[in-house]
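The block underneath contains the structure these notes are about, expressed in C-alpha cells.
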Amino acid sequence: MNKNTQRTIDLVNRNLAKRYRAEKRFRFYGLLSISFGLLCLVLLFTDIIGKGHSAFLQTYVALDVHFDADVLGIDNIDDETQLTVANYDGVIRKALLERFSDVRSRRDKRQLYALVSNGAGFDLQDVFRERPEQWLGKTETLWLLADDDVDTYVKSRTASGEAFTGRLSENQQRWVEALIADERIEKRFNTIFFTSGDSREPELAGIRGAIMGSLFTLMVTLVLSFPIGVAAAVYLEEYAPKNKWTDLIEVNINNLAAVPSIIFGLLGLAIFINFFEMPRSIPLVGGIVLTLMTLPTIIISSRASIKAVPPSIREAALGIGASKMQMILHHVLPLAMPGMLTGAIIGMAQALGETAPLLMIGMVAFIVDIPGGATDPATVLPVQIFLWSDSPERAFVERTSAAIMVLLAFLIVMNTLAVWLRKRLERRW
Amino acid sequence: MEATVRETVEQKPERLLDRQVIDDQEAVTAAATVGKPFVEAPKMAMRNVNVFYGEKQAIFDVSMDIGSNEVVSMIGPSGCGKSTFLRALNRMNDTIEGCWIEGSLQLEGQDIYDPKLDVVPLRARVGMVFQKPNPFPKSIYDNVAYGPRIHGLVDRRADLDEVVETSLQRAGLWNEVKDRLAQPGTGLSGGQQQRLCIARTIAVSPEVILMDEPCSALDPIATAKIEELIAELSENFTIAIVTHSMQQAARVSSRTAYFHLGKLIEVNDTEKVFTNPEHELTEAYITGRFG
C-alpha cells in the first residue's frame, strides 16, 4: 500500500514538469494572439495618425492687401450690395503682383494667382465687412488661405529642401520658397476642417456636414430602434408562448443580424424611396434603413439581458401581487437596462460606421451644405471618408485619414460610454 | 419527541418497506389519504386537485383543507410535489408554461381558478415566501413598501412609513434595520433577507402566507428566528409551510401533510404524525428509511 502511494507521487512528479510546460505554452498562445491583435492595432493607428495628423494644420500666406476702392468697386460703404459683389479676388491678385513684381506674362500671372485658395476672397470679404470704414483705402497684412498644392508642398518640405512638388511649377516653387524665406508662410490650426462641409477644393473641405449628417441619421436610428427593439425583446421573452412560430422568429432575427448591410440598403431603396417616394440622400431614410440593420443586434442583446434577470426577482414581485406589467416595468427592465443600453450603444456604433446601405439610398452624393435637419440632403462620416479616398488631389489623402481619426474617436467615445454605463447602472443582487 | 421516533424504529425493525413500494407509482396510487385532511370552516379547501406539467402529472387527486390561523406543514421526499401543490394555492404555477390544474381550490368558498378571478388580488390575499431569500435590489424601505404601493393600500407617506415599520417589527427585523432603511435589502445577511421577505409579504396584510422551504438556505440561528416568527405570525395569519426538515415541521406546525410521489398520503395533527403515523410510507419517511 505504502509502496503504491509512493509510486503514484513519483508518477505525478514526473508528469508535473510536462504539465507546467503545457500550461506555459497554453498561456503563451493566448499572449501571442493578444500581441498580434495589438500589433495590428498599433500599425493601423500609426499609419492613420501618421498620414492624417498634418490635416489638422493648414498653410496660410501673409499678403499686404491694399483695399483700393477702385479695384474693389466700392464708392459707398453703407451699400450692402456693393460690399457683397466687390472684387475681393482682385485686391488679392494685386497684392500678389505687388509682392512678385517681376511677373509679367498672363501664364505666369495665372500661376501666381493659384498660390492662394479660391476661397480666400470670401474670407477676405468676411473680415473686411466687419470694419469697411477703417480698412477702405488702407493696406493691411492679412493671412490668407493657401491653395492645397502649396499646402502639400509646405507640409512635405524637409530640412534639406526636398518636397513633394506635385502640380506646382518651378516658378510657383520659387515663389513659395521666397515667401517662406520672408516668413510669410505659416501653418495654423485647421478650423475649416471642422466647420465646413465638403468641397472640391481640399483646403476648403471639412467634415462638419458629414458629422451633422451622421448625428441626424443616428438620432433617427436611436429613436426608432431602441423602443422597437426593447418592446420586441420584452414581448418575446415575457409574453410569447414557446412554440414553432417563436422559434421561427428567433431564427429569423439571428439570421437578419448576419445579413450583409448592403441588402438593407437595397430594401430601403426599393421600399422607402421607390414605393413610399421619400426623398433621396436624407438622414431620415438613412436612419430607418440603419434601424432595420441594428434592430437584430438590439433585440438579441435585450433578450439576453432580460433572460439574465434572476427568476427569483420575478417570483418575488408576482408573489406579492404585482401584475405582469408591473413586474416587467418595476423589476425586470431596470435590472436589464444596463445590458440593453450596452447593446443599443454597440448597435449605434455599428450604425455610425456603416457605409454600404447608405450608398444605395443616395447618401453618397456630393453635398456642400451642412444639413440642418433629418430631411436635408446629407452624407455621413464613413461615406465622406469613402468619397475623399476616391479623390485624386493629394491633399485629400491626409483629410481622409483625419476623418478616419475623427470617426475612430467617436467610436471610442461611444464604446467607452457603453462600458461606463454598464458599470454605473449594474446592480448586484 | 426525538426519543419517541427512535423508539418507533427500534420497535418495528422487521417492517422495513420493500423498496419497490416506495418507488412504484401504481402501488402508491391505491392508497387514499389517511388521517384527518378536512377541518371545519376551512380557510382554503382543495378537492381532487391534479397538477400537470405538460404530459407529466405532478399531483394526483389531492384533497385537503387548511384551517384558519393554523400552521400546516407539508413534508415529503424530494420531487414529491409538495412545492408544486403549495404554488398551486396562489396560482404561482401560472407562470410556468405547460402547467395546468384540475380540481377545485377554494379560498373562503371562492374558486381561485375561476377564469373571471383576477390573480393580482388573489396573490395579495395569499402571499408567498420563497426558498431563496429574494429581496428586490432596492432599499430595505422600498422592499417592504413595494406591495402597499402597487396595491394602493396607503395614500400618505406617513401611513406608508407606519406600514413599513409595523411590518418590519412583526418580522422581527425592525431593531436591526431601523437606522439603515435606505440601504439595499440585498446587503443584509441571509437570515435578515428572509425576514425582510416575510416583512414584504405581510406588508400587504395577506390572509394566508405560503412558505416554500423558507429556511433551507439559512444557518441554524437564522432558522430558529424564522421559526419563532412563524409561531408569532400564526396568531394573525394562516400559514402553509413546505419543509425538508421534519424537526422544523414538528416544531412549528399544528398539522402535517405527508406527500409521496405526487400523492397526499397522510394528513394529521403534527404530534400524531410524528409519534404514531397511520400510513406505513409516512412511518418509513419519518423514521429516516428514505427521503
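In what follows, chains are A, B, ... by sequence order, proteins preceding strands, each numbered from 1.
- Taking a 6.0 Å sphere around CD of B:E102, one finds it holds more than 12 heavy atoms contributed by other residues, nucleotides or ligands.
- In this structure, B:I202 CD1 and A:I320 CD1 are separated by 12.0 Å, a value rounded to the nearest 0.5 Å.
- Around atom OH of A:Y239, more than 12 heavy atoms belonging to other residues, nucleotides or ligands sit under 6.0 Å away.
- A distance-only check finds no donor-acceptor pair linking the side chain of A:H331 to the backbone of B:P137 [under 3.5 Å].
- The distance from the CD1 atom of B:I150 to the OG atom of A:S323 is 7.0 Å, given to the nearest 0.5 Å.
- Residue A:I34 qualifies as open at atom CD1: its count of foreign heavy atoms under 6.0 Å is 12 or below.
- Both the backbone and the side chain of A:K242 come within less than 4.5 Å of a heavy atom of chain B.
- Taking 4.0 Å as the cut-off between side-chain N and carboxylate O, A:E315 and B:R87 count as a salt-bridged pair.
- Annotation for B:N134 and A:A316: closest pair ND2-CB, 3.3 Å, computed over non-hydrogen atoms.
- A:L318 has its side chain within reach of B:R123: a pair of non-hydrogen atoms, C-beta onward, lies under 4.5 Å apart.
- Checking side-chain atoms of B:E97 against main-chain N and O of A:P241 turns up no donor-acceptor pair under 3.5 Å.
- The distance between the ring centers of A:H330 and B:Y146 falls below 6.0 angstrom.
- If you measure heavy-atom distances from B:F130 to chain A, the contacts under 4.5 Å come from the side chain alone.
- Around atom CZ of A:F410, no more than 12 heavy atoms belonging to other residues, nucleotides or ligands sit under 6.0 Å away.
- Enclosure of atom NZ in A:K324 by more than 12 non-hydrogen atoms of other residues, nucleotides or ligands within 6.0 angstrom is indicated.
- Between A:I313 and B:F136, the closest heavy-atom pair is O-CE2, 3.9 Å.
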